Amino acid sequence: MNISTNEGNPNTLKLVIAAKLTQQSVNIKTVQAKVSFLGRLPSIELSSGLVLFSTNAAMQLIAPSSEELTFINNKWLEWEISQLQPAIAFYGSTGIYKTTQKSCLWSLLEKLNNELKDSKYLIKDDLSLADVCIWVTLWSTILVTEIGNELCKEYLSIKDWLSNIEILPVIQDAIKEYKFERGLKAIFSIQAVSWFPINNIIPNFQRSKLTDLSPTKEKEAETVSQEEIQNISSNWSSNSYPDAKSFPYPVLPKKGEKNILITSALPYVNNVPHLGNIIGCVLSADIFARYCRQRNYNTLFISGTDEYGTATEAKALEEKTTPQAICDKFFDIHNDIYRWFSIGFDHFGRTTTPEQTEIVQSFFLRIKSQGYVLSETVDQLLCEFCDRFLADRFVEGTCPRCKYEDARGDQCDGCGHLVNATDLISPRCKVCSNRPIKKKSEQFFLDLPKLNEWSSVVEKEWSNVARVVAKPWLRDGLKPRCITRDLKWGIPVPVKGFENKVFYVWFDAPFGYISITKRYTKEYEQWWKPKDVEVNLYQFMAKDNVPFHAIMFPACLLAVDEGYILMKHLMATEYLNYEDTKFSKSRGIGVFGTDARDTGIPADVWRFYLAYVRPETQDSNFNWVDLATKNNSELLNNFGNFVNRALVFAERYFESKVPPIELQEDDLVLLALAQRELSFYIHALEQAKLRDGIKHVLAISKHGNQYMQFQEPWVKIKGTDNDKKRAGTIIGICCNLACLLSALLAPFMPSTARELRSQLGLHINSYGYIPDVIMNILPTGHKIGKPSPLFKKIEDKDVEILRKKYAGKQEATNNGEHGDIKSLDNAVTELGKKVEELKAKHDKCAWQSNQIQIFSDLKKKLCNLVSEKSSEPTNKKPQVVLTPEQNGDVLSDIEILKEAIAKQGDIVRKLKANEEKSVWKPEVEKLLKFKKQLADLTGTPLVPTDKKSKKKK
């Protein structure tokens with residue numbers, strides 16, 4: 001195996017270790033750096049002639065891990081290249097890691113240290129590629145610099161981990177085989193031949209320094225094979241550029257062609273979608289659908305709003321209207337938001353339609369007749385306070401498996417397992433936080449164990465997230481799943497004796513894909529029950545929707561046995577967070593669909609950035625500074641700069657016409673590298689890896705910028721006739737690349753792509769075909785339009801204004817607003833009065849959902865502050881009176897504590913008489929907390945319980 005590297009590059013050691021782990025030999029060739037417009041090192045050359053420049057990808061190729069470990073490995077490898085290495089590069093160029101910038105690198109080290117506290121390695125008990133990759137980076141760079149001593153003092157787990165790995169024989173052998181100087185020189189060696197994304201971990205005011213890390217004169221030319229050169233030369237002139245198809249209405253599958261049916265998880269209708277909702281389903285699906293259309297696939301993209309269920313009822317109560325009115329209102333809101341984001345549905349529908357009722361009821365009756373439905377009397381949770389049975393998603397509590405405290409009644413996000421609401425420990429109503437009671441009711445169940453044929457299927461075409469979420473459900477064995485509920489708002493169950501029940505929303509909603517397709521065309525069965533044609537179904541969603549699409553919906557389609565297609569491509573994502581916290585409409589935290597429009601930032605920029613940070617393998621983070629940086633560096637300075645320079649040059653020196661092109665070796669090398677990125681782009685998009693796709697687009701424009709800078713056409717145009725011809729070739733190639741880029745960018749930024757096509761002198765009613773190979777798209781003499789900048793800079797001052805605007809309501813912060821006990825106490829008292837006023841005026845669901853969370857948060861902050869002050873040496877005890885709550889808030893008033901202890905004692909006695917230990921134990925702990933607080937306030941010892949007293953006797 002041949003490895004090419006520059007001198008002293010630590011990343012080469014990673015490849016050597018990976019080879020030794022699999023007992024492969026390597027041949028290391030040190031390449032002398034020279035001026036070039038290309039290059040990243042180290043690289044490995046495959047037997048096919050293909051060269052890999054991604055160290056992490058090369059490691060996985062050399063030493064592949066099991067499918068189970070690949071997902072976790074990928075997370076850490078991505079963390080190392082996208083966060084750790086840029087932070088170290090920043091340290092190497094500035095020397096800054098202390099003071100206000102300490103968190104830049106330190107927060108990453110803290111995360112790693114926490115992960116290693118209870119384990120020898122990052123993944124299980126064996127050395128993994130993730131361990132190797134991160135170990136080499138730390139050992140070779142910062143460990144022997146100023147920061148190394150502090151690292152070992154502060155992070156003992158990392159120190160032990162580094163030492164343990166270093167003494168391994170395979171590591172020692174690799175170090176002997178590839179020797180280099182550690183420290184700053186190693187950092188600079190990486191920088192000289194690498195490109196780092198400017199991540200939001202790097203302080204904004206220092207980012208400009210990072211752009212100059214790699215000396216231009218030390219970049220190394222990438223090796224392009226002779227076969228690639230020949231292919232480019234042949235394709236450039238011999239292929240004609242295909243036209244993009246115009247799809248008539250309705251789009252239907254055709255025999256012998258590629259037919260793609262795309263759905264996105266139906267967004268719930270009771271609220272405004274935030275950025276995480278948008279990229280998790282509809283935007284991801286739209287980008288993929290646009291790509292498919294530009295590849296001339298017969299493509300149908302449908303979605304709509306999910307409108308039944310308890311959430312709609314609760315929202316209607318809050319707004320004092322009907323559920324149908326809520327659905328109508330928010331359907332229009334969703335529709336407007338998606339239209340602004342340029343989401344190009346073939347049809348955007350809803351589930352409150354006659355077609356939905358007809359299809360759901362007919363499916364149920366068919367499934368029941370096939371013997372896959374059974375009835376059982378079950379315990380359901382009834383919230384007496386809200387006077388309603390609770391759907392599973394409106395029950396929260398402690399998971400009986402992993403003890404995660406915020407598990408839902410249908411699924412635990414802590415361990416990913418299926419959960420029954422009645423099995424939760426200390427369940428609580430999500431609306432009012434009160435504890436529901438159990439009540440028996442007869443319900444219908446889908447007999448999932450009878451559908452074992454689906455339980456063995458986890459498709460390779462699924463995203464990693466989808467496979468990881470689905471496998472535990474299938475591994476642990478399927479159980480019957482309830483499909484009806486004692487609710488009011490939903491599709492009625494068409495069976496005698498069940499007239500007052502409706503179908504549970506998880507059973508109802510997936511059939512919306514079929515009913516919405518039926519609203520689009522009466523020939524909907526050609527898509528869902530195809531005959532003599534192949535249809536590939538792609539479904540896009542966030543990970544919380546995976547179980548219903550991986551298990552329940554396919555099971556229903558199998559149960560009816562009528563030839564329905566099964567989902568083949570499940571494209572699930574992790575979650576997008578907002579500035580390291582969660583989106584919250586009630587607290588004003590985060591950007592929601594309507595907010596994005598109000599910022600003045602174009603929809604295409606939002607689309608681009610959300611695709612760039614799409615959480616494909618792990619949770620990702622929206623960050624205002626990062627958004628501005630990506631816009632200014634990647635769109636404005638990279639992509640926009642390249643296409644504008646090319647078109648302006650053609651306008652100024654070639655009468656706005658594409659000049660003749662005579663290819664030379666440098667041109668063919670550029671086109672070969674662009675061809676690689678095009679091939680990678682298509683490969684990524686075919687698998688719906690959208691984040692990778694946009695980065696390959698930017699890589700082409702980066703190659704173009706470097707090519708133009710290296711070739712200097714502005715110098716050649718002033719030279720001899722041959723020089724002027726050479727300048728024409730350079731600009732002709734750049735105009736053609738700009739044309740290709742307009743097509744590749746269109747799925748992500750359709751409005752920008754259309755504007756670029758206008759500037760290129762092309763028709764804007766088409767986004768252009770996405771070809772397999774690079775060819776001469778714009779012939780000599782083609783007249784281009786008027787060039788103008790495609791993007792605008794986002795200023796730092798605007799970023800700060802937007803960041804503050806959407807940071808939420810600031811309570812109990814260090815600015816003194818509620819910074820001490822007295823002001824916090826006053827805030828709690830005032831908000832308590834407001835809650836009481838709302839209780840008297842409005843429905844209880846309204847005041848609970850509007851105020852209770854803020855009230856609870858303030859009380860917790862107050863209690864924590866009281867506890868801290870109580871532990872300080874002082875003669876005064878703060879007198880703060882709070883009302884006892886089920887969440888176990890600390891109480892400070894003696895009389896109220898005594899009353900609370902008496903009430904809690906009654907609760908414990910009743911639970912002990914009728915419930916199992918897992919139910920009453922948390923209540924006992926609350927009782928003990930109250931007793932301890934009383935003992936602290938009165939200065940008397942804690943009185944032991946009767947049980948302990950008897951033992952002492």
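What you see is a predicted model; the values in this text were computed from it and never measured.
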May I ask you to check whether [X] and [Y] show a side-chain donor-acceptor distance below 3.5 Å?
{"X": "Asn259", "Y": "Glu534", "answer": "no"}
{"X": "Arg754", "Y": "Tyr767", "answer": "yes"}
{"X": "Glu616", "Y": "Thr573", "answer": "no"}
{"X": "Thr720", "Y": "Asp723", "answer": "yes"}
{"X": "Thr617", "Y": "Asn464", "answer": "no"}
{"X": "Ser788", "Y": "Gln759", "answer": "yes"}
{"X": "Glu755", "Y": "Ser758", "answer": "no"}

- Look at the side chain of Ser233 and the backbone N and O of Gln230, then say whether any donor-acceptor pair between them is shorter than 3.5 Å.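 No, because the side chain of Ser233 does not come within donor-acceptor range (under 3.5 Å) of the backbone of Gln230.
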Taking atom [atom1] of [X] as the centre, report whether more than 12 heavy atoms of other residues, nucleotides or ligands fall under 6.0 Å from it.
{"X": "Glu795", "atom1": "CD", "result": "yes"}
{"X": "Lys718", "atom1": "NZ", "result": "no"}
{"X": "Lys716", "atom1": "NZ", "result": "yes"}

- Query: Who pairs with Arg652 by side chain to side chain contact (heavy atoms under 4.5 Å, CB included), at least two apart in sequence or on another chain?
  - Reply: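 Per chain and number, Arg652 pairs via side chain to side chain contact (heavy atoms under 4.5 Å, CB included) with Val648.
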- In Å, rounded to the nearest 0.5 Å, how long is the span from OG of Ser303 to CG of Asp286?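 Here the interatomic distance stands at 10.5 Å.
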- Partner residues of Glu712 under the salt bridge (Lys or Arg N to Asp or Glu O under 4.0 Å) criterion, sequence neighbours left out: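 Glu712 satisfies salt bridge (Lys or Arg N to Asp or Glu O under 4.0 Å) with no other residue.
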- Task: Using salt bridge (Lys or Arg N to Asp or Glu O under 4.0 Å) as the criterion, list what pairs up with Asp604, not counting sequence neighbours.
- Result: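 Asp604 satisfies salt bridge (Lys or Arg N to Asp or Glu O under 4.0 Å) with no residue once adjacent residues are dropped.
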Ion pair check, [X] and [Y], cut-off under 4.0 Å:
{"X": "Arg676", "Y": "Glu228", "answer": "yes"}
{"X": "Arg726", "Y": "Glu662", "answer": "no"}
{"X": "Arg614", "Y": "Asp692", "answer": "no"}
{"X": "Glu78", "Y": "Arg691", "answer": "yes"}
{"X": "Lys630", "Y": "Asp626", "answer": "yes"}

- Determine whether the aromatic ring centres of Tyr609 and Phe622 lie less than 6.0 Å apart.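 Judged by ring-centre distance (under 6.0 Å), Tyr609 and Phe622 do meet the cut-off.
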- Message: Check for me whether the distance between the ring centres of Phe608 and Phe748 falls short of 6.0 Å.
- Response: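 No, ring centres 6.0 Å or more apart.
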Minimal non-hydrogen separation, [X] against [Y], with atom names:
{"X": "Ile661", "Y": "Ile733", "value": "CD1-N, 3.8 Å"}
{"X": "Gln294", "Y": "Tyr769", "value": "O-CD1, 3.2 Å"}
{"X": "Leu670", "Y": "Leu737", "value": "CD2-CD1, 4.0 Å"}
{"X": "Val643", "Y": "Leu790", "value": "CG2-CD1, 3.7 Å"}

- Query: Under the ring pair (Phe, Tyr, Trp, His ring centres under 6.0 Å) test, which residues partner His334, sequence neighbours left out?
  - Reply: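 For His334, the residues satisfying ring pair (Phe, Tyr, Trp, His ring centres under 6.0 Å) (neighbours in sequence not counted) are Tyr338.
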- Query: Sequence neighbours excluded, which residues qualify as ring pair (Phe, Tyr, Trp, His ring centres under 6.0 Å) partners of His696?
  - Reply: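 Result, ring pair (Phe, Tyr, Trp, His ring centres under 6.0 Å) vs His696: Phe680.
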Just distance, no hydrogens or angles: give the donor-acceptor pairs under 3.5 Å from side chains in residues 247-257, sequence neighbours left out.
from   : atom 1 : to     : atom 2 : distance (Å)
Tyr249 : OH     : Tyr520 : O      : 2.5
Glu257 : OE1    : Lys245 : NZ     : 3.3
Glu257 : OE1    : Asn298 : ND2    : 2.8

- Task: Give the intermediate values and the outcome of side-chain hydrogen bond (donor to acceptor under 3.5 Å, both in side chains) for residues Asn637 and Asn632.
- Result: CA-CA 6 Å; Asn637 295 336; Asn632 298 342; over 6 Å; no
